[in-house]
Amino acid sequence: MEEKHISVAIDGPAAAGKSTVARRVAERLSFTYIDTGAMYRAVTLACIRAGLDPKDEGQAVSLLPSIQIEFDEAGRTLLNGEDVSEQIRQPLVSGNVSYIAAMKPIRLALVEMQRKMADSRSVVMDGRDIGTYVLPNAEVKVFQIASVETRAIRRYEENLQKGIPTSLEEVAADVRKRDYIDSHREFAPLKPAPDSVLLDTSFLSIEDSVEAVLRIVHEKTGVSPSC
Ligand code: DC
């Protein structure tokens, strides 16, 4: 009998801690983790590297045929085989990725890749439109939020740890700008799926957030962590 694959969709605004939580949930369930934001970031990086304008749809779309995005077993992001996991977190990429993510042809190409990735295995996929558009039949849908202040502090501390020079004000402004662009774009905007469970992590630690998602997964599917 064919094994049933389970999809866990985790959506929410920038810097809500989705990727850290999603990665750990995937580890605990032995599912594959797919960071769809990293894919939009990889296209943005490719665009900047090629000297193209990430606000110009024609220029950005012209790159698509020459771009291949994959994740290795450790979850690192590969752009045409090169590990770009660090470069895609640089402020220049963060400041431009919303423009790229608002372009319909780019979204259609990446969504096709994302659906293929979830086709043959159980996944935890995080992003903005996973529960509403990419995997509308996902067994579990979580909409993870946190206040702008909490999110800005988390992203600022993450940047500090990675040695990326930014100020808290700069990070808060970037979070607000991305919230606005992500939720006001015409195609597949950021919004909770009607059948998603809202998880506010403003006052939750990462471990508590992970446990909360695992409980939701268990309630919806009966699946428990393997470790
Ligand atoms: O989660 P993140 O900050 O790495 O996402 C980067 C950008 O990509 C962000 O502006 C939202 C966008 N994005 C999107 O539009 N759809 C997704 N499924 C994932 C990310």
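For ligands, and for the atoms within them, numbers begin at 1 and follow the listed sequence.
Taking a cutoff of 4.0 Å between a charged side-chain nitrogen and a carboxylate oxygen, Arg49 and Glu82 qualify as a salt bridge.
Under the 3.5 Å distance criterion, with hydrogens and angles disregarded, a donor-acceptor pair is assigned to the side chains of Asp126 and Tyr33.
Among pairs with a residue in residues 210-227, those fulfilling salt bridge (Lys or Arg N to Asp or Glu O under 4.0 Å) read Arg28-Glu211, at least two apart in sequence or across chains. Sorted by first and then second residue, the salt bridge (Lys or Arg N to Asp or Glu O under 4.0 Å) pairs with a member in residues 32-45 read Asp35-Arg89; sequence neighbours excluded. Within the structure, the side chain to side chain donor-acceptor pair (under 3.5 Å) test picks out the following pairs touching residues 188-200 (sequence neighbours left out): Lys141-Asp195, Asp200-Ser202.
Annotation: ligand 1 has protein neighbours Thr36, Gly37, Tyr40, Arg41, Arg89, Val97, Ser98, Ala101, Arg107, Gly127, Arg128, Asp129, Ile130, Arg178, Asp182, Arg185, each with a heavy atom less than 4.0 angstrom from the ligand.
Under a cutoff of 6.0 Å and an axis angle of 45°, Arg115 and Tyr133 form a cation-pi pair.
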